[in-house]
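The structure displayed is predicted, hence computed values, not measured ones.
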Amino acid sequence: QSDNEISSDCNHLLWNYKLNLTTDPKFESVAREVCKSTIAEIKECADEPVGKGFLVSCLVDHRGNITEYQCHQYITKMTAIIFSDYRLICGFMDDCKADINLLKCGSIRPGEKDAHSQGEVVACLEKGLVKEAEETDPRIQVSDQCKKAILRVAELSSDDFHLDRHLYFACRDDRERFCENTQAGEGRVYKCLFNHKFEESMSEKCRDALTTRQKLIAQDYKVSYSLAKSCKSDLKKYRCNVENLPRSREARLSYLLMCLESAVHRGRQVSSECQGEMLDYRRMLMEDFSLSPEIILSCRGEIEHHCSGLHRKGRTLHCLMKVVRGEKGNVGLHCQQALQTLIQETDPGADYRIDRALNEACESVIQTACKHIRSGDPMILSCLMEHLYTEKMVEDCEHRLLELQYFISRDWKLDTVLYRKCQGDASRLCHTHGWNETSELMPPGAVFSCLYRHAYRTEEQGRRLSRECRAEVQRILHQRAMDVKLDPALQDKCMIDLGKWCSEKTETGQELECLQDHLDDLVSDCRDIVGNLTELESEDIQIEALLMRACEPIIQTFCHEVADNQIDSGDLMECLIQNKHQKEMNEKCAIGVTHFQLVQMKDFRFSYKFKMACKEDVLKLCPNIKKKVDVVICLSTTVRNDTLQDAKEHRVSLKCRRQLRVEELEM
């Protein structure tokens with residue numbers, strides 16, 4: 001079966017001999033003798049009628065359950081014989097005869113010398129099956145019974161790569177080159193070859209055969225022996241293979257990954273072997289966009305226009321992410337949704353190593369800035385964000401990081417630490433559902449907005465977040481302040497204003513400052529969002545991560561006590577303002593503090609302490625006045641008049657009068 005230098009007469013004789021071996025009742029008696037106890041254990045095979053030739057095929061189907069040594073050896077040999085020619089696979093010819101003609105896969109004539117030829121017929125059908133999934137309106141469709149037969153053959157050949165005849169011949173040399181010491185069986189050779197798929201010295205024909213195999217796994221996870229075996233009990237335990245679901249949906253790799261990831265995120269125990277397999281296949285999907293039919297269907301135009309020729313090691317996906325971020329043209333909504341879905345399926349926020357392009361770009365930064373965090377920890381991404389725009393960051397890492405964070409910021413569940421610490425609060429306050437469920441009433445992007453509204457509530461205002469969830473919300477807000485594109489609501493509502501007023505402000509952090517400077521010129525929706533964000537900054541200036549970096553020496557010298565407070569309440573900015581004229585003050589920090597003071601003048605709500613002390617007084621005595629300077633004048637005039645007229649009771653409350661003195665002095 002390995003040597004094609006045999007005569008056609010000999011080949012024909014072998015074909016008849018093999019046909020007899022698998023179907024002739026005389027040969028069936030050998031199987032009944034060798035596998036007597038196994039047949040008794042496997043009901044489906046015990047029920048096969050005697051003398052019809054179906055017994056061997058049944059035992060081949062169930063060979064994973066055979067424990068009897070002699071029977072296992074015999075059936076393994078029979079399997080190799082059957083898989084050498086698709087016509088020997090029970091029922092395959094009946095199920096796929098019409099499809100072989102339709103797809104023109106039957107060009108190899110029986111009796112032709114080439115030993116590879118019969119594997120080519122199955123390979124041709126497999127290509128037809130995966131191609132159909134990648135087309136919106138496929139010209140040729142594989143029949144349902146043939147689809148089942150193709151996937152069954154792929155499942156049966158999942159443990160031993162010799163059984164996939166086309167792949168075996170295509171990858172013979174590559175197996176010697178990359179996987180010489182890998183023992184055949186249990187899908188080990190497949191896994192080894194998958195790991196080397198993008199090596200420069202991998203042959204193109206082997207790479208193509210491996211990609212087809214991976215695409216079949218994406219359609220039916222059982223085509224991966226190691227994944228199906230390692231996750232079998234977990235799939236049953238967490239009901240990921242529920243009987244009433246359509247077979248095509250529950251068999252999909254993406255469905256399996258989402259279901260098991262959901263269990264992990266809920267704190268359930270998934271075996272380490274299964275989690276290891278999941279990690280491998282999540283990395284595989286991130287590495288090669290062509291394994292996701294939805295990406296091919298939805299992003300075909302974007303790939304052709306912006307990302308052609310970048311196929312390997314996740315580069316195409318990152319190129320598409322870059323396009324979505326608005327750095328390389330426009331992208332369609334369907335493409336953006338397909339990318340968002342893929343990011344949820346692969347979940348690189350849980351382990352940065354899944355994203356090979358990011359992993360390779362950021363390796364040096366992780367080794368220097370994040371070496372205190374264990375490899376694979378979800379906090380590595382957070383550590384990288386903290387070092388964004390510092391001298392430790394490298395440009396390539398910065399780009400890959402922001403491309404991934406763009407998608408993570410649009411679905412709160414994709415930040416693993418945030419989800420773990422806040423899922424209870426989100427369920428209680430924002431009425432969220434499970435990890436892999438979505439709700440029209442509370443889309444993923446709206447959940448974070450809900451959490452941060454509750455994060456800064458006072459106790460009188462009602463339900464608040466738990467301490468650990470609030471800390472995570474603050475962490476995310478600090479990260480989002482680095483780049484307006486990481487704040488979905490801000491980017492969505494302020495797109496026009498950013499183009500109109502801030503197109504030249506391309507430096508880090510300049511875009512938000514520019515929007516604040518043009519607050520009165522912004523459209524209503526954008527003005528509201530920028531106003532709310534500025535109001536939030538007045539309470540917790542540490543959200544302004546870039547300003548904090550510039551002011552670090554001053555904070556350490558003059559403000560370290562208030563900087564260490566769990567809750568800021570405007571104390572840190574007040575301290576920076578008081579020390580603005582110290583000789584130790586650097587130019588960047590002074591400019592940042594002055595800018596914030598000028599922004600505060602636009603609306604009294606932007607001064608947290610003033611707002612909290614005087615809110616009720618403003619509503620009562622100075623309604624409809626927004627600008628802080630006008631509010632201060634209005635309240636000061638009221639205090640002056642009450643003092644001059646010896647009023648029995650001041651109309652401005654005592655706490656507001658005290659804060660008013662601070663504001664007057666600061667102005």
Determine the sole option in Thr346, Leu227, Leu256 for which the side chain to side chain contact (heavy atoms under 4.5 Å, CB included) test with Tyr281 is passed.
Leu227
Give me the ring orientation class for Tyr452 and Phe448: parallel if the planes are under 30° apart, tilted from 30 to 60°, perpendicular past 60°.
tilted
Salt bridge present between Glu134 and Lys215 (N-O < 4.0 angstrom)
yes
Whether Glu277 and Lys191 form a salt bridge (side-chain N of Lys/Arg under 4.0 Å from carboxylate O of Asp/Glu) is what I want to check.
yes
If you count heavy atoms of other groups shown closer than 6.0 angstrom to CD of Gln73, is the number above 12?
yes
Pair Cys259-Ser262, side-chain contact (heavy atoms from CB on, under 4.5 Å): steps then yes or no:
CA-CA 5 Å; Cys259 184; Ser262 177; 5.8 Å; no
With a sphere of 6.0 Å drawn around CD of Glu135, does it hold more than 12 non-hydrogen atoms of other residues, nucleotides or ligands?
yes
Near Gln145 CD, under 6.0 Å, is it more than 12 heavy atoms from other residues, nucleotides or ligands?
yes
Applying ring pair (Phe, Tyr, Trp, His ring centres under 6.0 Å), can you list everything that pairs with His196, at least two apart in sequence or on another chain?
Phe178
Could you check whether Glu186 and Ser226, counting side-chain N and O atoms only, form a donor-acceptor pair closer than 3.5 Å?
no
Derivation of the side-chain contact (heavy atoms from CB on, under 4.5 Å) call for Met286 and Ile343
CA-CA 8 Å; Met286 275 296 282; Ile343 300 295; 4.2 Å; yes
Strictly below 4.0 Å, N to O, side chains only: are Asp288 and Lys197 in salt-bridge contact?
yes
Test: Asp234 and Lys237 ion pair at under 4.0 Å
no
So, do His166 and Lys127 sit near enough that their side-chain heavy atoms are less than 4.5 Å apart?
yes
Report the residue from Ile66, Leu59, Asp61 that forms a side chain to side chain contact (heavy atoms under 4.5 Å, CB included) with Arg63.
Ile66
Are there more than 12 heavy atoms of other residues, nucleotides or ligands under 6.0 Å from atom CD of Glu176?
yes
Run the salt-bridge test on Glu261 and Arg282 with the 4.0 Å N-O cut-off and return the result as yes or no.
yes
Check whether the side chains of Glu126 and Thr212 place a donor and an acceptor atom closer than 3.5 Å, and report yes or no.
no
Set of side chain to side chain donor-acceptor pair (under 3.5 Å) partners for His162, sequence neighbours left out
Asp160
For the backbone of Cys58 and the side chain of His62, can you confirm whether one donor and one acceptor N or O come within less than 3.5 Å of each other?
yes
Is any side-chain heavy atom of Thr67 closer than 4.5 Å to a side-chain heavy atom of His72?
no
Arg475/Glu386 salt bridge by N-O under 4.0 Å criterion
no
Do the charged groups of Lys222 and Asp220 touch, with an N to O distance under 4.0 Å?
no
Ser292 side chain reached by Leu285 side chain, heavy atoms, under 4.5 Å:
yes
Any salt bridge linking Arg152 with Glu155? Criterion: basic side-chain nitrogen under 4.0 Å from a carboxylate oxygen.
no
Validate the cation-pi geometry between Arg410 and Tyr406: distance from NZ or CZ to the six-membered ring centre under 6.0 Å, angle to the ring axis within 45°.
yes
Exercise: do Asp174 and Ser203 side chains pair donor with acceptor under 3.5 Å
yes
State, with a plain yes or no, whether a side-chain heavy atom of Arg374 is found less than 4.5 Å away from one of Asp377.
yes
I want to check something: taking the side chain as every heavy atom from C-beta on, are Asp425 and His454 in contact at a cut-off of under 4.5 Å?
no
Is it true that the NZ or CZ of Arg213 lies under 6.0 Å from the centre of Tyr190's six-membered ring and within 45 degrees of the ring axis?
yes
Hey, are Asp144 and Lys148 close enough for a salt bridge, meaning a charged N less than 4.0 Å from a carboxylate O?
no
Testing the basics here: between Ile39 and Arg32, what is the closest heavy-atom pair and its distance to 0.1 Å?
CD1-CA, 3.8 Å
Where Pro378 and Gly349 come nearest, the two heavy atoms and their spacing
CB-O, 3.6 Å
Pair Lys205 + Asp208, salt bridge at N-O below 4.0 Å
no
Sidechain N-carboxylate O distance under 4.0 Å for Arg400, Glu363
no
What closest approach, in Å, do Leu429 and Arg464 show between heavy atoms, and which atom pair accounts for it?
CD1-O, 4.2 Å
Can you confirm whether Phe161 sits close enough to Arg175 that some side-chain heavy atom of one is under 4.5 Å from a side-chain heavy atom of the other?
yes
Thr182 and Leu193, any side-chain heavy atoms less than 4.5 Å apart
no
